[in-house]
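Just so you know, these numbers use all the heavy atoms, side chains as well, and skip hydrogens, waters and symmetry mates. Residue numbers begin at 1 in each chain, while the letters A, B, ... track the order of the sequences. Please read all numbers here as calculations on a predicted model, not as lab measurements.
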Amino acid sequence: MNENSTNTEVLIQYLDAELQGEDLETLKKNLTNDQSLREELENLQLAQEATRSYGLKTKINAIHGEMMHELKENKSPKASLIKMIIQNGLRVAAVLIMLVGLSALYQYLTTSPEKLFNENYHPYIIHEMRGVPESSMLREKYKKGNMDSVILEFSSLNSPQPEEYILAGIAFLENNQSAKAIETFKTLIQKNSDAKTDYFEDDAEYYLAMSYLNNQEPEKALPILEKIQADPKHPYNNKLSEWFILKVKSLHGKG
Amino acid sequence: MEIKKDFTDQSLIQSLRSDANPDEAIRFLYRTQFRLTAAYIKQNRGTEEDAEDIFQELVLVFIEILKKDKFRGESSVSTFLYALTRNIWLNELNKRGKSKLRDENFEKSKDKVDMDVSHLIVDRETKSQMMQVVDKLGDTCKKILLAFYFENLAMKEILQTLNYENEQVVRNKKYKCLKQLEQMMIAEPNLLKNLKSVLL
């Protein structure tokens, strides 16, 4: 083996973190003094980077085909919502036929967070504010019902306004991204707490609870819902029936 | 029923950065970000096909940035991806000579996100050239290099998938393959120069 190939082998060992002790110290010293050795090290490093990039691209290509198929099947969120409603409707009908005559205990056993969410979710109605001459672009997009655009717009904002957190949170929730919805509502509540304000706090609380429910976390939804129920002045108080809270409690018990 | 995993920003970053199986995290990116990217591309003179190409590029670039610890977490993943998308697509439009045709919305959107990500991105043409060079390697070489550098398999594991006598033979073969790839890249001086300016 000639000197060049010996160098290359040592350089590869160095890049693979396999070089130790005296050999490592000698190479480091040689790299300081030898420009061509440094260049070869960089070239080998790029060859490794290229290999990793190639591998990742191949993996992404494979997933891409599969995901395009999935996304095209569920292209419209409205279509998937209708599909979900039809599926849930069929499920409820089937359950009703089969379970006529069975006691409330059975209902207790069949309650699920998704079912509760779907039965009790109230779409957010945008409040028209008097004296506010200009509406934000995000607000306008929300009014048009285009949740993708709302999320896109929200992503581009450096300092979103409180209402924009609410609208983006709802958009995440309606796009079935509960974790992102939770993150967004919690951010607004935290910002209010830090600034000692309460902008859209009531809305954030209710939709945070619903997001937890949709994210299969009834145990986190329950204390928020109980707080709303205990406060007759809370604007969402009349949306929460005793029966609903009881069902959430039963889910909590199941958990 | 198939369970589709949900991620927070933190868990998504962790999963894409780790060398373990990031497939679910990539699928999550498709489910949550593809429609946004496609909407942006189509609003700015692109087609559905452009959106698919750009999105694959976006996922690749984002994961590489995470693996190199160059994402500082100063913005949400969604905001960062938006900035990356804009940058990749703007470069593509410039290359196609359509930059003067940008509409008013596009100009407006440019002002909203001032995050500079250009230094993190190898342009698509350079990247495509790099992929072509790797693609020219023989199948065995690709298999060995990918197993070692992409899948992070140990020599012993690689030996089990190939017909070689022992680990030392595989090690020698890996050395020759990497050297061969290096030589193929040196034969493309512009490619090498462009890659060095971003990757090193």
Validation row: [X], [Y] side chains within 4.5 angstrom (heavy atoms):
| X | Y | result |
| --- | --- | --- |
| R31(B) | E70(A) | yes |
| Y54(A) | M130(B) | no |
| F150(B) | T51(A) | no |
| E64(B) | R52(A) | no |
| K68(B) | E49(A) | yes |
| L46(A) | K196(B) | yes |
| I60(A) | Y30(B) | yes |
| K179(B) | E40(A) | yes |

So for [X], is it side chain, backbone, both, or neither that comes closer than 4.5 Å to the heavy atoms of chain B?
| X | answer |
| --- | --- |
| L152(A) | both |
| S178(A) | both |
| N215(A) | side chain |
| Q45(A) | side chain |
| E183(A) | side chain |

Side chain, backbone, both or neither: which part of M131(B) has a heavy atom under 4.5 Å from chain A?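 Both backbone and side chain.
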Apply the test side-chain contact (heavy atoms from CB on, under 4.5 Å) to residues M67(A) and I26(B): give CA-CA distance (whole Å), side-chain angles for both, the deciding distance (0.1 Å), then the verdict. CA-CA 10 Å; M67(A) 289 313 296; I26(B) 295 175; over 6 Å; no
Rounded distance (nearest 0.5 Å) linking atom [atom1] of [X] with atom [atom2] of [Y]:
| X | Y | atom1 | atom2 | value |
| --- | --- | --- | --- | --- |
| I63(B) | S53(A) | CD1 | OG | 10.5 Å |
| N43(A) | Q183(B) | CG | CD | 8.5 Å |
| L15(A) | L178(B) | CG | CG | 8.0 Å |
| E182(B) | L41(A) | CD | CG | 9.5 Å |
| T79(B) | N158(A) | OG1 | CG | 8.0 Å |
| S155(A) | Q33(B) | OG | CD | 6.5 Å |

Any idea which of I186(B), D9(B), L195(B) has the most non-hydrogen atom pairs under 4.5 angstrom with chain A?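 It is D9(B).
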Who wins among E52(B), E57(B), K127(B) for the most heavy-atom pairs under 4.5 Å with chain A?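 The option with the most such pairs is E52(B).
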Check this for me: [X], atom [atom1], are more than 12 non-hydrogen atoms of other residues, nucleotides or ligands nearer than 6.0 Å?
| X | atom1 | value |
| --- | --- | --- |
| F71(B) | CZ | yes |
| E125(B) | CD | no |
| D194(A) | CG | yes |
| Q129(B) | CD | yes |
| Y199(A) | OH | no |
| N33(A) | CG | yes |

With a 4.0 Å cut-off, would you call D16(A) and K174(B) a salt bridge?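 Salt bridge: yes.
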Please determine whether side-chain contact (heavy atoms from CB on, under 4.5 Å) holds for the pair E42(A) and L192(B), giving the CA-CA distance in whole Å, both sets of side-chain angles, and the decisive distance to 0.1 Å. CA-CA 10 Å; E42(A) 286 184 357; L192(B) 211 58; over 6 Å; no
May I ask you to check whether Y175(B) and E9(A) show a side-chain donor-acceptor distance below 3.5 Å?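 No, no side-chain donor-acceptor pair sits under 3.5 Å.
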K193(B) vs E39(A), salt bridge (charged side-chain N to carboxylate O under 4.0 Å, His left out): CA-CA, chis, key distance, verdict: CA-CA 12 Å; K193(B) 191 178 149 201; E39(A) 264 180 38; over 6 Å; no
Is there a ring-ring contact (aromatic ring centres under 6.0 Å, His included) between F55(B) and H64(A)? Walk through the geometry before answering. CA-CA 9 Å; F55(B) 194 75; H64(A) 180 82; 7.7 Å; no
Can you name the closest pair of heavy atoms from M185(B) and A47(A) and give their distance?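 Here M185(B) and A47(A) meet closest at SD-CA, 3.7 Å.
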Which heavy atom of L60(B) sits nearest to which heavy atom of K57(A), and what is that distance?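 Closest approach of L60(B) to K57(A), heavy atoms only: CD1-N, 3.9 Å.
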Apply the test salt bridge (charged side-chain N to carboxylate O under 4.0 Å, His left out) to residues E18(A) and R171(B): give CA-CA distance (whole Å), side-chain angles for both, the deciding distance (0.1 Å), then the verdict. CA-CA 12 Å; E18(A) 289 172 351; R171(B) 199 175 291 279; 3.5 Å; yes
